Protein chains: 2
Amino acid sequence: MGIFSKTCEYAVRAVFYIAQSSQEGRKVSIKEIAEKVKSPEPFLGKILQNLSKVGLIQSTKGPHGGFFIDPEGLKKPIADIVLAIDGEQIFTGCGMGLDYCSEKNPCPLHHDFKKVRNQLSSMLKKTSIGQFNLQLIKGSVTLYK
Amino acid sequence: MGIFSKTCEYAVRAVFYIAQSSQEGRKVSIKEIAEKVKSPEPFLGKILQNLSKVGLIQSTKGPHGGFFIDPEGLKKPIADIVLAIDGEQIFTGCGMGLDYCSEKNPCPLHHDFKKVRNQLSSMLKKTSIGQFNLQLIKGSVTLYK
DNA sequence: GTTATAAAAGATGTTTAACTCTTTTATTAT
DNA sequence: ATAATAAAAGAGTTAAACATCTTTTATAAC
Ligand code: FES
Ligand code: FES
């Protein structure tokens, strides 16, 4: 596995796709999202359910219903998705798995690991979910391969 | 979970402890290592068995036997431990879980994620297993809490 | 209000990672 | 040789992550 859990990877890809669709004024169904971001449909349903519960995305049931993100949601950082799925360990935890990370009682990796962790955090916090859509729309980046 | 798997965290802590002991000229038993780095003893046994198979550490059976690291092993980078346990995905994989990471067909995170990944790689590759012992011996860093 | 649509909710199943136990083999000391 | 020690090897268990299936609820169109 990579840095994030598989569940989290699905979530990020899905949210990006929903964001893009929302900016085009469309709601999208689980089925469509699952196809476009290559994730198992029923599992993605559960993930989106959770993201919806914490208010990161919105949805409406029934015909022409589906998932979308309101303008407030588009302003939120990508970090919020990761936090909702994988928790804060990745932003604050010790690289060697010690119970807690501290300056006073650091592990051998601490000094360097802290930098990596900080860079990861700032990358996820500095960019909002909505900001990626320009890139996506003009086709310079992709959500599937 | 953090950036590395739990198994990998145990492995790194254990290898550091073994390295320290080796530089003091002692072999150490699974029991001792498990206590000192806070890992489940039988599980750690399996992990060390694997590291031993790939030649990262050495061991001898019987009385006064145990694990140690030869001078060659001490020169190897920490990255080798991570690679042996978690695989190369963490060094090369796409942050959003796309099948492969590429410059030509990048995901939205690619540009920034690449930097994080590179920093992580260089951190793990630049320092050898043996280099940590000075810090460990003088007590400025720790392997348990 | 009936029907169609689509997500929510809840229960269930599968796979992988984490962890344990038992038996065997190698080494050393007596 | 025998007994003691410690890892290797292999089989087995448990828990968590990943994934599916079924039923219910909300919404919209007719
Ligand atoms: S103590 Fe290990 S990363 Fe800070
Ligand atoms: S394509 Fe996603 S990190 Fe490179």
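In what follows, every chain begins at residue 1, and chains take the letters A, B, ... in the order their sequences are listed. Keep in mind that the numbers below use all heavy atoms, side chains included, and drop hydrogens, waters and symmetry copies. All of these numbers come straight from a predicted model, not from anything done at the bench.
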Taking only Lys NZ, Arg NE, NH1 and NH2, and the carboxylate oxygens of Asp or Glu, determine whether B:Glu72 and B:Lys76 approach each other closer than 4.0 Å. no

So, the side chain of A:Asn50 versus the backbone of A:Ile47: is there a donor-acceptor pair under 3.5 Å, distance only? no

Just checking A:Leu48: base, sugar-phosphate only, or nothing, at a heavy-atom cut-off of under 4.0 Å? nothing

Classify B:Pro40 by what it touches in the nucleic acid, base, sugar-phosphate, or nothing, heavy-atom distance under 4.0 Å. sugar-phosphate

Rounded interatomic separation in angstrom, taking [atom1] from [X] and [atom2] from [N]:
{"X": "A:Asn50", "N": "C:dA7", "atom1": "CG", "atom2": "C1'", "value": "13 Å"}
{"X": "B:Phe43", "N": "D:dT14", "atom1": "CZ", "atom2": "C1'", "value": "12 Å"}
{"X": "A:Glu9", "N": "D:dA17", "atom1": "CD", "atom2": "P", "value": "15 Å"}
{"X": "A:Lys6", "N": "D:dT20", "atom1": "NZ", "atom2": "P", "value": "10 Å"}
{"X": "B:Phe68", "N": "D:dA7", "atom1": "CZ", "atom2": "P", "value": "12 Å"}
{"X": "A:Ile30", "N": "C:dT5", "atom1": "CD1", "atom2": "C1'", "value": "12 Å"}
{"X": "A:Ile33", "N": "C:dA6", "atom1": "CD1", "atom2": "P", "value": "12 Å"}
{"X": "B:Ile18", "N": "D:dA7", "atom1": "CD1", "atom2": "C1'", "value": "12 Å"}

Which of C:dC21, D:dC21, C:dA7 is nearest the side chain of A:Pro42? It is D:dC21

Looking at [X], I'd like to know whether one of its side-chain N or O atoms comes within less than 4.0 Å of OP1 or OP2 on [N].
{"X": "B:His64", "N": "D:dT5", "result": "no"}
{"X": "A:Thr60", "N": "C:dA7", "result": "no"}
{"X": "B:Thr7", "N": "C:dA18", "result": "yes"}
{"X": "A:Lys46", "N": "C:dA8", "result": "no"}
{"X": "A:Ser52", "N": "C:dA8", "result": "yes"}
{"X": "A:Ser29", "N": "C:dT5", "result": "no"}

Name the residue closer to the 5' end of DNA chain D, choosing between A:Tyr10 and A:Pro63 according to the nucleotide with the nearest heavy atom. A:Tyr10

Does either side chain, that of B:Thr142 or that of A:Asn105, offer a donor lying less than 3.5 Å from an acceptor on the other one? no

Do you see a donor-acceptor pair shorter than 3.5 Å between the side chains of B:Ser29 and B:Glu32? no

Using the six-membered ring of B:Phe43, assess whether NZ or CZ of B:Lys6 lies under 6.0 Å from its centre and within 45 degrees of the ring axis. no

Starting at the 5' end of DNA chain C, which residue's closest nucleotide do you reach first, A:Met1 or A:Gly66? A:Gly66

